[in-house]
Participant: 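To start, I am sharing the structure in question, which I have written as structure tokens.
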Amino acid sequence: MKFIELTLKNHIILHGFDARNQEITEEVSVEIASKKLISVDRILSLSEKYILIKYAYDRIIYWEYLEEYEEVKTMLS
């Protein structure tokens, strides 16, 4: 199993969808970023601001990361 280390900060937790198919989200702001090891198998997508990661119980989290987009792309290849 391959892992990458990223510095993550604020994040948005997707808890599911309501009756109108709108996302039910929870925004979490933290003061200090922290380094985390992430299993590459759990990564769903990457944008210039967020990395989308799947967790247990079908929970999905949009994490803000501090590394450069191109650097993260290189880590994933």
Side-chain angles (χ1 to χ4, degrees):
M1 182 176 287
K2 182 179 175 185
F3 290 85
I4 61 171
E5 182 179 58
L6 292 177
T7 310
L8 304 176
K9 195 168 183 202
N10 301 324
H11 53 284
I12 301 169
I13 303 169
L14 174 62
H15 291 286
F17 297 88
D18 66 14
R20 294 177 296 142
N21 206 28
Q22 300 296 309
E23 291 183 339
I24 301 169
T25 60
E26 172 187 355
E27 293 189 30
V28 180
S29 297
V30 297
E31 289 187 30
I32 301 172
S34 60
K35 290 194 175 279
K36 297 190 185 300
L37 281 177
I38 300 164
S39 170
V40 172
D41 294 341
R42 298 173 107 181
I43 297 171
L44 300 176
S45 70
L46 179 70
S47 71
E48 290 184 7
K49 184 174 181 179
Y50 293 105
I51 186 163
L52 183 59
I53 302 172
K54 182 177 181 172
Y55 289 87
Y57 310 109
D58 293 328
R59 183 164 293 160
I60 297 173
I61 301 179
Y62 297 89
W63 286 95
E64 288 182 10
Y65 60 93
L66 302 184
E67 288 77 10
E68 294 294 321
Y69 175 73
E70 291 298 326
E71 179 185 354
V72 179
K73 275 181 39 179
T74 301
M75 285 184 212
L76 291 171
S77 60

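Computed from a predicted model, the values in this text were never measured in an experiment.
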Participant: What residue among I53, I13, I12 forms side chain to side chain contact (heavy atoms under 4.5 Å, CB included) with Y62?
Facilitator: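 Only match with Y62 under side chain to side chain contact (heavy atoms under 4.5 Å, CB included): I12.
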Participant: Any idea which heavy atoms bring V30 and N10 closest together, and the distance?
Facilitator: N-OD1, 2.8 Å
Participant: How long is the straight-line distance from OG of S29 back to CD of E64, given to the nearest 0.5 Å?
Facilitator: 8.0 Å
Participant: Answer yes or no: does atom CG of D41 have more than 12 heavy-atom neighbours from other residues, nucleotides or ligands under 6.0 Å?
Facilitator: yes
Participant: In terms of hydrophobic clusters joined by side-chain contacts under 4.5 Å, are L52 and L66 together?
Facilitator: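 No, L52 and L66 fall in different hydrophobic clusters.
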Participant: Hey, quick one: are V40 and W63 part of the same hydrophobic cluster, counting side-chain heavy atoms closer than 4.5 Å, chains of contacts allowed?
Facilitator: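 Yes.
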Participant: Identify the heavy atoms of R42 and A56 that sit nearest to each other, and give their distance.
Facilitator: NH2-N, 3.8 Å
Participant: Which residue pairs pass the salt bridge (charged side-chain N to carboxylate O under 4.0 Å, His left out) test when at least one of the two sits in residues 21-32, sequence neighbours left out?
Facilitator: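 Counting only pairs at least two positions apart or across chains, no salt bridge (charged side-chain N to carboxylate O under 4.0 Å, His left out) contact touches residues 21-32.
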Participant: Quick one: CD1 on I60 to CG on L14, what's the gap to the nearest 0.5 Å?
Facilitator: 5.5 Å
Participant: Starting at CG of D18, measure out to NE2 of H15 and round the result to the nearest 0.5 Å.
Facilitator: 13.5 Å
Participant: Indicate, with yes or no, if I61 and V28 share a hydrophobic cluster defined by side-chain heavy-atom contacts under 4.5 Å among Ile, Leu, Val, Met, Phe, Trp and Tyr.
Facilitator: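 Linked within one cluster.
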Participant: Minimum heavy-atom separation for S77 and K2, please, with both atom names.
Facilitator: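 Here S77 and K2 meet closest at O-NZ, 3.5 Å.
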Participant: Of all residues at least two apart in sequence or in a different chain, which pass the side-chain contact (heavy atoms from CB on, under 4.5 Å) check with Y69?
Facilitator: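 Only L46, E48, Y65, K73 meet the side-chain contact (heavy atoms from CB on, under 4.5 Å) criterion with Y69.
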Participant: Above 12 or not: heavy atoms from other molecules or residues under 6.0 Å from CD of Q22?
Facilitator: yes
Participant: Are I51 and M75 connected, step by step, through hydrophobic side chains (Ile, Leu, Val, Met, Phe, Trp, Tyr) whose heavy atoms are closer than 4.5 Å?
Facilitator: yes
Participant: Just jot down the side chain to side chain donor-acceptor pair (under 3.5 Å) partners of T7, sequence neighbours excluded, or say none.
Facilitator: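 Counting only residues at least two positions away or on another chain, T7 forms a side chain to side chain donor-acceptor pair (under 3.5 Å) with K35, E67.
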Participant: With the 4.5 Å side-chain cut-off for hydrophobic clustering, are L37 and L76 part of the same group?
Facilitator: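 Different hydrophobic clusters.
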